[in-house]
Amino acid sequence: MSESRGEDIALFPLQTVLFPHGLLPLRLFEQRYLEMAKACLREDRPFGVCRIRDGQEVGAPATPEEVGCLARIAHWDMAQLGVLNIVARGTQRFRIVARRVEPNGLARASIELLAEEQDSEIPEEFQGCVQFLRAIVQQPESLPIEQPTRYRSSVWVSARLAERLPLPPALKQTLLETDDGARRLARLTAALAELGARFAR
């Protein structure tokens, strides 16, 4: 189900997947993305983060997946001339309706916003996911996490785990497109079991 369509946004294709309420540090140095970030800050607008289906993060415009996540710049600094460090905060999933590339190489798209995922309290069989996420977050080198934490939410816990686990990018994309928190937790539980078996070999 979609909530609205037709909004035009800049796209930032990456070799990663951003989930709603996730925090993603980015280092911008290509002119097209510096201009994008300046426009977003000036106009208080989001941009779209999409996983790259084909291509690279730098150079020629990459082909993105159809489903991505809107992002707003939560923090920025320019400690080095020509390099902008930002922290992007995911807000809402979207689907690309039409895409075009501007002369400067920046991709833009008309999008439809997707409905929020079906949320629920964590079922008992998935409490191990909560404990595992808590352990990850407590590590000194852990990436920043949204506050306040929502360890009772199946959508929030599954998204934070999907961000941090060393999963295949295609699986992370599938998890982003999953519109039910409990179903996403079930997929993650299976992935955790597979990871555990792999490391035990």
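Values reported hereafter were calculated over all heavy atoms of this structure, with side chains retained and with hydrogens, waters and symmetry mates removed.
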With clusters defined by side-chain heavy atoms of hydrophobic residues (ILVMFWY) lying less than 4.5 Å apart, directly or transitively, does [Y] cluster with [X]?
X	Y	result
Ile52	Ile111	no
Leu26	Leu106	yes
Phe19	Leu24	no
Ile145	Leu23	no
Ile9	Phe12	no

Side chain [X], main chain [Y], donor-acceptor under 3.5 Å:
X	Y	result
Glu146	Pro20	no
Arg184	Leu175	yes
Lys172	Thr16	no
Arg93	Leu176	yes
Gln118	Asp179	no
Asp119	Val155	yes
Ser154	Ser120	yes
Arg32	Gly105	yes
Arg72	Asp44	yes

Is there a side-chain contact between [X] and [Y], using heavy atoms and a 4.5 Å cut-off?
X	Y	answer
Trp156	Leu133	yes
Asn85	Pro25	no
Leu188	Val157	no
Arg99	Pro64	yes

If you measure from [atom1] on [X] to [atom2] on [Y], what distance do you get to the nearest 0.5 Å?
X	Y	atom1	atom2	answer
Glu177	Leu114	CD	CG	9.0 Å
Cys50	Arg95	SG	CZ	11.0 Å
Asn104	Met36	CG	CE	11.0 Å
Glu117	Thr178	CD	OG1	9.0 Å
Arg45	Ile73	CZ	CD1	12.0 Å
His21	Thr91	NE2	OG1	8.5 Å

How close do [X] and [Y] get, heavy atom to heavy atom, and via which atoms?
X	Y	result
Phe94	Leu11	CZ-CD2, 4.1 Å
Cys40	Pro46	SG-O, 3.9 Å
Ile96	Ala109	CG2-CB, 4.0 Å
Ala74	Arg89	CB-CB, 4.3 Å
Leu28	Tyr33	CD1-O, 3.7 Å
Arg51	Pro169	NE-CB, 3.2 Å

Item checked: Test log, rule side chain to side chain contact (heavy atoms under 4.5 Å, CB included), inputs Leu70 and Leu113 -> CA-CA 9 Å; Leu70 289 179; Leu113 298 178; 3.6 Å; yes
Margin query: What I want to find out is whether Glu163 reaches Arg160 closely enough, with some N-O distance under 4.0 Å, to be called a salt bridge.
Written below: yes
Check: What do you reckon, is CZ of Arg100 surrounded by more than 12 foreign heavy atoms closer than 6.0 Å?
Finding: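 Counting neighbours around CZ of Arg100, more than 12 heavy atoms of other residues, nucleotides or ligands fall under 6.0 Å, so yes.
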Margin query: So for atom CD, which belongs to Glu124, do other residues, nucleotides or ligands contribute more than 12 heavy atoms lying within a distance under 6.0 Å?
Written below: no
